[in-house]
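Computation of the quantities below employed the complete heavy-atom set of this structure, encompassing side-chain atoms and omitting hydrogens, waters and symmetry-equivalent molecules. None of the values given here were measured: they were computed from a predicted structure. Throughout, residue positions are numbered sequentially from 1 according to the sequence presented. Read the numbers this way: they start at 1 and go in the same order the structure lists the ligands and their atoms.
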Amino acid sequence: MPTTAAAALSIEALFSTDARAFVPSAIRALSPLINDPTVISFAAGVPNPETFPAGELSKACARVLADLPKRALQYDATAGYLPLRERVAARSVAKGIATSAAETLLTTGSQQGLDLVSRVLLDPGDVVLVEVPTYVGALVTLAGRRAQPVGVLRTAEGIDVDHLVATVARLRSEGRRVKALYTIPNFQNPAGTAMKKGAKDALAEACGRLRIAVLEDDPYGELLFDEGGGWDTTPLASRLPSATVYMGSFSKTLSAGFRVGWLHGPNELMAKAELAKQASDLCSSTFTHAVLDSYLGACDYEAHLAGLRGFYRERKEILLAALREHFPEGSRFTDPAGGLFSWGELPEGIDTKALLARCVAETRVAYVPGEPFVVEGDARRFLRVTFAKESPEKLVEGARRLGAFFRAERA
Ligand SMILES: Cc1ncc(COP(=O)(O)O)c(C=O)c1O
């Protein structure tokens with residue numbers, strides 16, 4: 001039995017200031033509601049499991065265990081398994097990033113990349129500019145550093161550079177330290193939006209001039225399925241290499257469960273990020289790296305990507321057509337040219353957060369309300385939907401039921 005004194009000690013009294021700032025992701029908190037298998041989910045921000053090349057990955061696992069068990073089952077360098085770093089770096093060089101295997105750090109998903117970079121760059125109180133709306137997982141990471149996200153607006157072509165410049169000037173005149181812009185330039189989560197070339201050029205130029213780092217999160221850049229819109233997926237890192245940290249991921253294209261992402265960035269920053277990773281987990285899974293490397297060596301990844309694009313294009317078209325047909329007049333949805341998400345705006349008077357629980361109970365269809373994605377402004381009328389997870393039939397049925405629900409709310 002613990003003594004009275006021991007029983008009286010509250011472990012919370014010993015928590016660090018950082019730990020007190022940790023917040024759960026508002027989306028993960030909705031998990032029981034939105035991951036119920038009897039619910040049609042437009043909410044889950046996950047790739048469709050049918051797209052995982054399970055057969056090829058299974059063969060790659062067998063090859064790795066047969067051919068290099070001693071290496072693959074061992075610890076590796078903190079930066080990760082060299083042959084995979086070489087492949088990742090070669091693909092990035094082809095996209096215009098001046099990098100090499102030595103300048104590539106394999107991370108446990110791009111989420112870890114963001115956490116490591118945040119630890120290298122951010123002190124409590126530092127300002128990070130973010131798009132409105134932006135990825136909830138990034139806001140969780142920034143909160144863990146006690147950094148302050150401040151919103152920047154968008155135009156139809158990308159981040160509104162004039163607004164960004166004015167915001168930095170205002171914040172600096174208030175004595176605040178603006179360290180970085182966090183952006184998802186390609187087929188953003190949650191809005192599905194992308195950027196045109198001119199807007200990307202201007203953004204990189206402005207960030208260089210303002211001396212702020214660019215944290216470029218790009219898990220969706222390879223999922224461009226509609227070439228016609230003039231969207232430019234070339235990395236900001238190719239334009240502003242001295243101040244951009246590029247975060248990539250295999251989560252949306254091969255397997256989210258493998259948890260393999262990567263970082264490229266200026267050398268000094270990469271060295272610190274590697275030390276931060278060493279302190280955190282020594283290295284990611286050598287076995288997983290070796291399996292991915294073997295898969296990439298034996299299979300036609302480009303053909304796999306082309307198949308994925310067709311898969312998601314078809315689902316996007318089905319869902320958007322059904323949303324347009326069934327949602328109340330005055331509703332608008334973004335029409336993404338890639339990625340997994342569309343961002344909806346509903347007519348005045350609808351509060352997506354307040355309605356979610358009743359909506360799921362009545363319609364058995366789930367969405368994510370807009371509020372957690374937005375650091376400023378009113379997101380009550382907004383919602384994120386994904387076309388990634390459900391079958392075409394369920395996309396149509398889900399849109400029909402959701403649309404009827406919101407139409408009844410308006411009546
Ligand atoms: C914009 C964005 N960044 C990062 C992540 C995390 O990706 P990973 O699985 O590579 O950690 C996600 C996942 O949904 C995302 O949407």
Fill in: Protein contact to atom 5 (C) of ligand 1 [nearest heavy atom, distance to 0.1 Å]
Tyr135 OH, 3.3 Å

Practice prompt. Kindly say whether His326 contributes a backbone atom to a donor-acceptor pair with the side chain of Arg407 at under 3.5 angstrom?
Written response: yes

Worksheet item: Between Trp343 and Phe382, does the ring centroid distance fall short of 6.0 Å?
Response: yes

Worksheet item: Does Phe250 have a heavy atom less than 4.0 Å from any atom of ligand 1?
Response: no

Worksheet item: If you count the atoms of ligand 1 from 1 in the order shown, which ones are under 4.0 Å from a heavy atom of Gly109?
Response: 8 (P), 10 (O), 11 (O)

Item to complete: Determine whether any heavy atom of Lys252 lies closer than 4.0 Å to an atom of ligand 1.
Response: yes

Worksheet item: Among Leu129, Leu139, Leu114, which residue meets the side-chain contact (heavy atoms from CB on, under 4.5 Å) test with Tyr182?
Response: Leu114

Worksheet entry | Heavy atom of the protein closest to atom 16 (O) of ligand 1 (residue, atom name, distance) | Tyr220 OH, 2.6 Å

Worksheet item: Atoms of ligand 1 less than 4.0 Å from Asp217 heavy atoms?
Response: 1 (C), 2 (C), 3 (N), 4 (C)

Worksheet item: Using the ring of each side chain (for Trp, its six-membered ring), is Trp262 parallel, tilted or perpendicular to Phe250, with breaks at 30° and 60°?
Response: tilted

Worksheet item: Short N/O distance, under 3.5 Å, between Gln112 and ligand 1?
Response: no

Worksheet item: Using the ring of each side chain (for Trp, its six-membered ring), is Phe327 parallel, tilted or perpendicular to Phe406, with breaks at 30° and 60°?
Response: tilted

Worksheet item: Between the side chain of Thr244 and the main-chain N/O of Tyr246, is any donor-acceptor distance below 3.5 Å?
Response: no

Worksheet item: Any heavy atom of Arg259 sitting closer than 4.0 Å to ligand 1?
Response: yes

Discussion item. Tell me the protein heavy atom at minimum distance from atom 7 (O) of ligand 1, and give that distance in Å.
Written reply: Ser110 OG, 3.3 Å

Item to complete: Could you name the option among Ala256, Ser251, Gly261 that has the heavy atom nearest to atom 9 (O) of ligand 1?
Response: Ser251

Worksheet item: Checking salt bridge (charged side-chain N to carboxylate O under 4.0 Å, His left out) against Asp232, which of Lys197, Arg239, Lys196 comes through?
Response: Arg239

Item to complete: Look at atom NZ of Lys95 and say whether more than 12 heavy atoms of other residues, nucleotides or ligands are closer to it than 6.0 Å.
Response: yes

Item to complete: Pull out every atom of ligand 1 sitting under 4.0 Å from any heavy atom of Ser249, numbered as shown with elements.
Response: 8 (P), 10 (O)

